[in-house]
Asks: 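My questions will all concern the structure given below.
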Protein chains: 2
Amino acid sequence: MPKDAATPPRRPMRADARRNLERIVAAAGELIAEHGADASLEEVARRAGVGSATLHRHFPSRQALLEAVFKDRVEALCARAGDLLAEPDPGQALSTWLRAVGAHAVANRGLGTSLMRDADPSLGETCHDMITSAGDALLIRARAADAVRPEVTITRLLKLVGAIALATEQDPDGAAEAELLLAIAIDGVRTR
Amino acid sequence: MPKDAATPPRRPMRADARRNLERIVAAAGELIAEHGADASLEEVARRAGVGSATLHRHFPSRQALLEAVFKDRVEALCARAGDLLAEPDPGQALSTWLRAVGAHAVANRGLGTSLMRDADPSLGETCHDMITSAGDALLIRARAADAVRPEVTITRLLKLVGAIALATEQDPDGAAEAELLLAIAIDGVRTR
DNA sequence: AGAGAAACGGGGGGCCACCCCGCTTATGGG
DNA sequence: CCCATAAGCGGGGTGGCCCCCCGTTTCTCT
């Protein structure tokens, strides 16, 4: 298995190109944290000290840029999912992980949007794909333990989490509210 | 109690102004149905046969326009809530109503966004206010019957429904998916 | 009918995404 | 070490959008 499946071209990237690319991702990270997922791409280029054309060449769509910005955070969540497979209670493990995903999605504005889209097939290994695989392992285990209802799929769960993150994004205390909404969704509205 | 609390100005609106306003709302309704809540306002004005300045004079913000477009649909949902107060099972009544709200939110793109915002205080009686009051009656009854968990508030429920509608908006079969997600959220992820 | 006010809308400013194309610069063979 | 080559760059143009200013048109009341 290759160390990095996302770089199949044989010619290594030119040094300046890689440098610019890194600057762009860094600037985008800052601006997205400040202004959300629909931050101005021109401003990103400006802050990166790069022409807007360069940004568009490296990232043909906004989504592509978001993927690059959030990649490492998503990887962390995937790793977390792996750890939780060792947890004795499968239902609890899934629930814990979903809360972690929700927390990240709220903390990093725009991540929620990225997690929900499975659309664009030109982007190769997307955040959505990664997190789906990671979560699915947890879900399958929970289902085997009969801890989740049968119509629950990983796609639906992630959509739910992403939607909640999006909905609480401009709340004054979004993190706490998201936590609560997720708890309600997981345990149900009705009393048991 | 006045029949229409939203028109306190004594001078009646000029005939042409009212005509334009109606045209704008109609055009906006069409375009929002086609392109979602972030349809181009210029295009709305164009289709209404009106200058863009006129649109902005009548509706100082996008949100104000959305409120006008969805007002009657929201009133229908409020009426539905009133009817459901007669339902014998309070928990069931609440759940039925939430599904109805979800269905409307999915069918009318952009409605979900409107229902969640309680922000702008300059807009008087907003859709959000109306639906909150209507739903609260159902929720209070359900809570009295001990049918819902205590941390559930009407604001949170509506946020949940709106978020789900938003998340399924670009799904191929959004309506069915939203229905399912809502069912999961209401009954909980876990088996009972 | 005429005065006055209310409403209109063309057009301009500012911002943005996206792309074209002539110029710069890294790279690897000689 | 040098230079040919092509990968990469970015200024500036295009078209779209939101929002507002202000001269002009249209309604309304007497």
Side-chain angles (χ1 to χ4, degrees), chain A residues 7-28 30-32 34-69 109-110 113-114 117 119-120 122-123, chain B residues 7-28 30-32 34-69 109-110 113-114 117 119-120 122-123:
Chain A
T7 41
R10 30 214 84 198
R11 300 276 287 172
M13 188 177 258
R14 240 170 70 168
D16 54 346
R18 173 159 296 281
R19 188 164 43 77
N20 279 334
L21 190 141
E22 281 163 8
R23 281 188 186 172
I24 289 171
V25 172
E30 291 175 19
L31 276 167
I32 287 172
E34 291 168 24
H35 299 106
D38 47 4
S40 158
L41 297 185
E42 298 237 316
E43 180 67 22
V44 170
R46 223 172 291 135
R47 188 175 296 199
V50 150
S52 70
T54 297
L55 187 152
H56 280 95
R57 196 172 327 105
H58 282 296
F59 302 101
S61 70
R62 176 179 297 271
Q63 185 61 24
L65 178 56
L66 291 179
E67 295 282 343
V69 168
R109 305 180 60 175
T113 323
S114 297
R117 295 192 199 279
D120 201 332
S122 68
L123 295 172
Chain B
T7 42
R10 30 212 85 197
R11 301 274 288 170
M13 187 176 259
R14 239 172 71 171
D16 54 345
R18 174 158 296 282
R19 189 163 42 77
N20 279 335
L21 190 142
E22 281 164 6
R23 280 188 187 171
I24 289 171
V25 172
E30 291 176 18
L31 276 166
I32 288 171
E34 291 169 22
H35 299 107
D38 47 3
S40 159
L41 297 185
E42 298 238 315
E43 180 68 21
V44 170
R46 224 172 290 134
R47 189 176 295 198
V50 150
S52 69
T54 298
L55 186 152
H56 286 284
R57 197 173 323 108
H58 283 295
F59 302 102
S61 69
R62 176 181 295 273
Q63 186 60 24
L65 178 57
L66 291 179
E67 296 281 344
V69 167
R109 304 181 61 173
T113 322
S114 298
R117 294 191 201 280
D120 201 332
S122 69
L123 294 173

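Order of the sequence lines fixes the chain letters, A, B, ..., with proteins taken first and strands second; residue numbering starts at 1 for each chain.
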Asks: When you compare the side chain of His58(A) with that of Val25(A), does any pair of heavy atoms fall below 4.5 Å?
Replies: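 No, side chains not in contact.
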
Asks: Take atom CD of Glu42(B) and atom C1' of dG13(C), then tell me their distance rounded to the nearest Å.
Replies: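 So the CD-C1' distance, Glu42(B) to dG13(C), works out to 13 Å.
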
Asks: Does Ala15(A) reach a base, just sugar-phosphate, or nothing at all? Heavy atoms under 4.0 Å.
Replies: sugar-phosphate

Asks: Pick out the pairs of N or O atoms, protein on one side and nucleotides 3-6 of chain C on the other, that lie under 3.5 Å.
Replies:
from	atom 1	to	atom 2	distance (Å)
dA6(C)	N3	Arg14(B)	NH1	2.5

Asks: Check Gly110(A) against Ala37(A) and note the closest heavy-atom contact, atom names and distance.
Replies: CA-CB, 3.4 Å

Asks: Quick one: is dA17(C) close enough that its OP1 or OP2 comes under 4.0 Å of any side-chain N or O from Ser40(A)?
Replies: yes

Asks: Atom CG of Asn20(A) and atom P of dA26(C): how far apart are they, to the nearest Å?
Replies: 11 Å

Asks: Just how far, in rounded Å, is C1' of dT25(C) from CE of Met13(A)?
Replies: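 The distance from CE of Met13(A) to C1' of dT25(C) comes to 16 Å, rounded to the nearest Å.
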
Asks: Look at the side chain of Arg19(A) against the base of dG8(D) and say whether a donor-acceptor pair falls under 3.5 Å; ignore hydrogens and angles.
Replies: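 In this structure, the two groups form no donor-acceptor pair.
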
Asks: Identify which one of Val50(A), Leu55(A), Val69(A) satisfies the side-chain contact (heavy atoms from CB on, under 4.5 Å) criterion when paired with Val44(A).
Replies: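 Among the candidates, only Leu55(A) passes.
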
Asks: Using whole Å, report how far CZ of Arg47(A) lies from P of dC16(C).
Replies: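 After rounding, the reported distance stands at 13 Å.
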
Asks: Are the side chains of Phe59(A) and Leu21(A) in touch, meaning some heavy atoms are under 4.5 Å apart?
Replies: yes

Asks: Measure the shortest side-chain to side-chain distance between Leu65(A) and Arg62(A) over non-hydrogen atoms and say whether it is less than 4.5 angstrom.
Replies: no

Asks: Between the protein and nucleotides 3-5 of chain D, are there any N/O to N/O pairs under 3.5 Å, and if so, what are the atom names and distances?
Replies:
none

Asks: If I compare all heavy atoms of Ser52(A) with all of Ala45(A), which pair ends up nearest, and what's the gap?
Replies: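 Closest pair (atom of Ser52(A), atom of Ala45(A), distance): CA-CB, 3.9 Å.
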
Asks: To the nearest Å, how far apart are Asp16(A) CG and dA26(C) C1'?
Replies: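 Value for this atom pair: 6 Å.
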
Asks: What is the distance, to the nearest angstrom, from the CG atom on Asp38(B) to the P atom on dG16(D)?
Replies: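 Answer to the nearest Å: 17 Å.
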
Asks: Is a donor-acceptor contact shorter than 3.5 angstrom present between the side chain of Arg57(A) and the base of dG10(D)?
Replies: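 Yes, a donor-acceptor pair under 3.5 Å.
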
Asks: Please determine if a side-chain N or O atom of Thr54(B) lies less than 4.0 Å away from the OP1 or OP2 oxygen of dA7(C).
Replies: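 The answer is no; no side-chain N or O of Thr54(B) sits under 4.0 Å from OP1 or OP2.
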
Asks: Could you tell me how far apart Glu43(B) (CD) and dG15(D) (P) are, to the nearest whole angstrom?
Replies: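 Computing the Glu43(B):CD to dG15(D):P distance gives 17 Å.
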
Asks: Are His56(A) and dC20(C) close enough that a side-chain N or O sits under 4.0 Å from OP1 or OP2?
Replies: no

Asks: Restricting to non-hydrogen atoms, name the atom on Ala39(A) and the atom on Leu31(A) that form the minimum distance, rounded to 0.1 Å.
Replies: CB-O, 3.9 Å

Asks: Quick one: which of dC18(C), dC21(D), dC19(C) gets closest to the side chain of Leu41(A)?
Replies: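 For Leu41(A), the side-chain atoms sit closest to dC18(C).
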
Asks: Take atom NE2 of His58(B) and atom C1' of dC20(D), then tell me their distance rounded to the nearest Å.
Replies: 16 Å

Asks: Check Arg47(A) against Glu34(A) and note the closest heavy-atom contact, atom names and distance.
Replies: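 For Arg47(A) and Glu34(A), the tightest heavy-atom pair comes out as NH1-OE2, 3.2 Å.
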
Asks: CZ of Arg18(B) to CD of Glu22(B): how many Å apart, nearest 0.5 Å?
Replies: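 The distance works out to 6.0 Å.
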
Asks: Both Ala53(B) and Arg46(B) contact DNA chain D. Taking the nearest nucleotide for each, which residue is further toward the 5' end?
Replies: Arg46(B)

Asks: Please determine whether salt bridge (charged side-chain N to carboxylate O under 4.0 Å, His left out) holds for the pair Glu43(B) and Arg46(B), giving the CA-CA distance in whole Å, both sets of side-chain angles, and the decisive distance to 0.1 Å.
Replies: CA-CA 5 Å; Glu43(B) 180 68 21; Arg46(B) 224 172 290 134; 2.5 Å; yes

